[in-house]
Structure formats: C-alpha cells, structure tokens
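Numbered from 1 within each chain, the chains take letters A, B, ... in sequence-line order. No experiment lies behind these values; they were computed from the predicted model shown.
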Amino acid sequence: MPTLQKDGEVFVLDLGDTENRFHPDWLAEVHTALDEVEAAAGPKALVTTATGKFFSNGLDLDWLGTHADELSEYISAVQALLARYLAFPAPTVAAVQGHNFGGGAMLALAHDFRVMRADRGYFCLPEVDLGMPFTAGMTALVRSRLEKQTAHEAMTTGRRYGGVDAAAARIVDAVADEGEVLATALTIARPLTGKPAGAVGTIKAGIYAEVLTALRQPPL
Amino acid sequence: MPTLQKDGEVFVLDLGDTENRFHPDWLAEVHTALDEVEAAAGPKALVTTATGKFFSNGLDLDWLGTHADELSEYISAVQALLARYLAFPAPTVAAVQGHNFGGGAMLALAHDFRVMRADRGYFCLPEVDLGMPFTAGMTALVRSRLEKQTAHEAMTTGRRYGGVDAAAARIVDAVADEGEVLATALTIARPLTGKPAGAVGTIKAGIYAEVLTALRQPPL
Amino acid sequence: MPTLQKDGEVFVLDLGDTENRFHPDWLAEVHTALDEVEAAAGPKALVTTATGKFFSNGLDLDWLGTHADELSEYISAVQALLARYLAFPAPTVAAVQGHNFGGGAMLALAHDFRVMRADRGYFCLPEVDLGMPFTAGMTALVRSRLEKQTAHEAMTTGRRYGGVDAAAARIVDAVADEGEVLATALTIARPLTGKPAGAVGTIKAGIYAEVLTALRQPPL
C-alpha cells in the first residue's frame, strides 16, 4: 500500500511493493497522501516512486473482472487521479524504478519530470495489443506529454521502451543506475521546492486545460 | 497506375512510375487497393512506395486546369484519401524512394512511419512559393505529424529537405541507400503485422480526431 | 526607442538600448515600424534585435504600477503585438543579443526563427516565481512554439536558459558569438525575402488560428 515519507522538503510517495495496480483502496490511499502534500505549508515538492520490480502496472484488471458493472465509475476514478497529478499544486517527479505499463505509464506522464532506471524495466502502453481502447482523456494526456511521433509509436504499436530508449524518445528526462533512481529524482525536485505551489498548480491547469476537461468527462 | 502486391504478410502498394499526381482515376485506384488491404483477414501491414524518380508530386494541376469548376470536390477527394490513410486500420509505412512534394508529402505524413532515400529526392511543401493556400485540414494534418518548428519551417519557407535533413528534423523515421528504401520499410512493417487492425484504426482515429474532422469538412 | 533601418532587402528593427519594456509609447512605435514593413512592396524580411544588455524584459511593471486600472487594456495591447508578430506577412527572425524575459521572451517566440547569443543572456519565463499568471493567450503562444516538455519546464519552473541550453531545448534555432548574432539572423532572413508576403502571412494565420483567437480575446 502507498506510504508517504519526507526527505528534507521533498515528500516521497512510495506506491507499494506489488504490481501497484489501481485498486479502489489503493486509489483512496494515494489521494490521502496527496491531500497531505497539498495541505502542507512551506517549500515542498513530491517524488513518486515504488519498491521492487514494478512502478505500476495500471488498471486493476482482476478487480474489474468482478466489478464489470462499475467500469465507468472506475475509469472516471482513474482519470481523476491522473488529472490531479497533472495539475498538482507543487513540483512533481516520478522516480520510475521498475515496470511502468498502461495506466501506470500514464501516471508517470502526469508528473512534471520522470527519471527511469537505465538497465531494467519498461515504459509501455500495451492497450493496442490488449484490444483496450484509450479513452478520450487518456489520449489527450499522452498527446499532451509526448512528442508527436513518440505518442504515435507508443500508442499504435505498444512498443516497450527501456530506460535508454525512453530518454532518447524524450519520454523520460533522465535515466539512472539501479539504486540511483530515487536519488536522481530528488536532485531534480530539491531546487524546485521554493516555487509558489499555487502558481505551479495554476500554470499547469492552464497548459493542460483541454486535457483536464477530457479527463474529467465521463469516459464511457 | 497504382499496383498492389504482397510480400509475406505485408501489402506493398506501388503508386506508379510517373509523377504519381492525384488524378481522379489514380485516387480511385488507390482507394480500390486500400479496400483490398482493409478487407484482408489475418496479420497485415501496408507499405506504400513508388517506382522511379518520384514518390508523388501531389495535386494534379494539369487536370485541375481543365476542371476548375470541380476544385472543391477535388480537394475534398484528396483530403478523403489523406484521412483514410491517417486512420487506416493497419500499420502503414511510406517507403519514399523519390521526390515527395505538396500533397505527396502530406500523403507520406499520413502514414505511421516514413523511410526516405538518403542521397536523392526531396520532401517539400512548396505551397508558399506557389501562392497556394493550405486548407484547414491540410494545416491540421501537417501540424499533427511534425514537430512544431519543423512544421513552421516546412510550411512557411517551402524548404526542400533531403533525406538526411528530413531525418534530423524528424520528418522521416529512417533513411536508406538507393535500393534499400523498400527493404527498410518492410523491416519496420513486418513486426507490426500482428497488431489487431481494428484497435490500430481506432487508436489512430482517437489521436487524430480533430484532424480527421478538419479533413472531412468542405475545404473551400 | 525602437528604430527601423534597412540592410539590403531586410528590415532591421532595433527595440532600443534600455530594458526595452513594453511601455505604451514603445508599443506604438513598434507598431509604426511594423506598419512601414508591412506597407513596403517587393522582397522583404524583418529582423528584430536590440542594443546592449537586454533584448526585452517584457511588461512595463513600473508603468503598470501607476496605471493599475488600465491592466486589462494594457495586456490586450501586449497580446495584440504578439499576435501581429505571430502572423506577420513577411519572414521574421529575432536576433536575441541580450536578456529575454517574460513578455520579451514571448515576443521572440512570435518570430519565425530565433538566434541567441551563446555566451551571455538568458531566455526566461519568470512568471511562476513572480506569482504572475499566464493569460490564456500567452499560454497558447508558448505551447504553440515550444516542444511539449520544454514548454512545461519553461513555464512551471522559470528556468533561465543560456544560449547553448536554449538551442539544445529547441527554443532558438541557432546561437552565435557576441557581435555575430545580428549577422547570423540576417543570414537566415536574406534567402527568405523573396517569399510571397501575403502567402507567408496567410499560412502563419492558418497554423496559429487558435492561438491568435486566444491572444485577441479579452485577457482578464
């Protein structure tokens, strides 16, 4: 389950040590952590990371299999988390230490910056191979954060990008060796803690106004 | 005239051995070929190429000169082909072995990927020098497929990009020596033939929803 | 105060030798210069530069401090200048020889191309640190001219980019040594003077249609 700690002025949210799929209880815990970061006064930034082999594998397909009638509400809830991160009123950095698939990849894209492990782990949008559609909000999010041909390739081919390839395609801003991913993310986050949180949130909400509208619409 | 063949699971459409301008009969033949690809069951991808000095020089200005009263319908028909390629329900690769001007360049941009001959041939949008406007749909297409400053330079200056320059500007995904353009395109297409065609088409239609709307509007 | 000269077929507009902030009188002088360029027949292009330590520092906060009730009209006037440059009916190149902050940076972005001094001077959008919002028009302008992650970083962090960093981030098209900035801009502008001015303006108005609409809306 997600746990929130502090490293100096930087909040560090660990998404967990499993596949960190978006179970409703997990979503609620992440929101509770974000509430705490958002309420904190003074200089701050947020680094999101996880423990073990996975950053996040996205949608909780097991849970969905037994709650098919709640699909629309569930996707809305996922999109609400993506929207919250995208316009979060503080600098955010994803320390992607492991696999980063589907909704988990989109969660990383909703951060201001991304650091990825160089030697293992993939960034991948597998929807095309699964025959799962991207919602309008998810399409808008990916298009707003990746360069054009990168978004096209990632979405239409389901390519698995290792860290070095992801950096070359500008999906991530930096790569780091195992054990250095979180430290590198902290190095990016620390100089930004003094940015006025309200202004940071307002500016992001302005840049991504259409994306946020799409993410907040009923998806189905 | 266009001819369709197969190389393993990959359909190869040869646009012809002339300037391959968009004569109404030529447009009809291309649509017939695309119908065949679209109807084919099983793994597939489409590579579009041509024979000789030209990939395509775009609008058939000779034909337009004698059918000025059909201008609006003609441009609509051209835009319909661009829209069909842009959301085509199968992976597509343009093997650009020769000159690629105006509407021909836009046709290449409507493919998922592009390979261009390294040593000869130009990618060029000459509209600014011809005093020809870009329609709203064509503007939307170019903006959706090229990086921002590349689209700006290509559209406002009519710059002729050789293969190496086009790759540096990310207009094309790869360059190849003479005689290797088609082979390189096949190398890109083959690993993609197993992608579910319906999902590929739906995802592209989602990414380019606004562009498709603009291409399907009456242009004049 | 702004002064307009000619170097062969290229008009050279010098924004002044102060901080070149957007005082209402300064805005009027720039418009008068642009009127002259726009009215000129024959081949032409426009290079905008300045003298001394600053290209432009943007909004005239001193003047605003004594005219707070005119804020909305003032921002509208600034946006009108940005819109005029963005769709200017001639090729435009900014020769950024000095600091380039806020509205001054946006003015540079509204040119077709930018050359920046390599060793001194910064490109910077300091709004986040000043707690100043970007208007919808300004957000649209920056998003339309910078690559996605560059726009995100420039707007949300207020990063100061030196010339070399600005070129790496594709904010500028070229860098030059001190004393060579204007010469390099002229080298870019001269081959473009023959482009049909009307077509250049029409094509830019098409590419940036939504941005121009946003810049022409009441900002507050």
Side-chain angles (χ1 to χ4, degrees), chain B residues 58-59 75 79 82 101-103 105-106 109 122 124-162 165-171 207-211 213-215 217-220, chain C residues 43 45-46 85-94 108-115 140-152 154 166-174 188-213:
Chain B
L59 301 193
I75 300 295
Q79 293 191 168
L82 296 173
F101 274 65
M106 294 177 206
L109 290 179
Y122 288 115
C124 175
L125 298 172
E127 279 76 358
V128 63
D129 289 310
L130 303 175
M132 289 174 60
F134 292 96
T135 65
M138 292 171 179
T139 296
L141 171 63
V142 176
R143 288 186 67 200
S144 74
R145 298 298 285 140
L146 296 181
E147 299 305 330
K148 291 183 180 102
Q149 187 66 348
T150 302
H152 188 103
E153 181 179 44
M155 293 180 74
T156 66
T157 73
R159 175 175 165 187
R160 297 179 178 213
Y161 298 84
D165 288 345
R170 304 194 188 186
I171 295 169
I207 299 175
Y208 301 106
E210 301 89 344
V211 181
T213 298
L215 284 170
Q217 280 172 345
L220 302 173
Chain C
L46 171 63
Y85 259 103
L86 187 63
F88 196 71
T92 57
V93 185
L109 290 180
H111 287 70
D112 293 335
F113 301 99
R114 282 155 295 292
V115 180
L141 171 63
V142 176
R143 289 185 69 200
S144 75
R145 298 297 285 141
L146 297 181
E147 298 305 330
K148 293 185 178 100
Q149 186 66 347
T150 303
H152 188 103
R170 303 195 188 186
I171 295 169
V172 300
D173 302 279
I188 294 173
R190 280 193 197 105
L192 301 175
T193 56
K195 299 293 165 191
V200 167
T202 301
I203 290 170
K204 290 194 275 193
I207 298 175
Y208 301 106
E210 300 90 344
V211 182
L212 293 167
T213 298

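Only the side chain of C:R114 has a heavy atom closer than 4.5 Å to any heavy atom of chain B. Looking at B:T139, the atoms closer than 4.5 Å to chain C (heavy atoms on both sides) all sit in the side chain, from C-beta outward. Heavy atoms closer than 4.5 Å to chain B are found in the side chain of C:L192, but not in its backbone.
C:E147 CD to B:K148 NZ: the interatomic distance, rounded to the nearest 0.5 Å, is 5.5 Å.
The two residues B:A214 and B:A140 come nearest to each other via the heavy atoms CB-CB, 4.2 Å. Of all non-hydrogen atoms in B:Y161 and B:A169, the two that sit nearest each other are CE2-CB, 4.2 Å.
Between B:M138 and B:I75, some side-chain heavy-atom pair lies under the 4.5 Å cut-off.
Note: C:S144 leads C:G198, C:S144, C:P91 in heavy-atom pairs under 4.5 Å with chain B. Contacts with chain C were tallied for B:E127, B:Q149, B:M155, B:E153; B:Q149 has the most, counting heavy-atom pairs under 4.5 Å.
Considering C:L86, C:L146, C:V172 as possible partners of C:L109, the one that fulfils the side chain to side chain contact (heavy atoms under 4.5 Å, CB included) test is C:L146.
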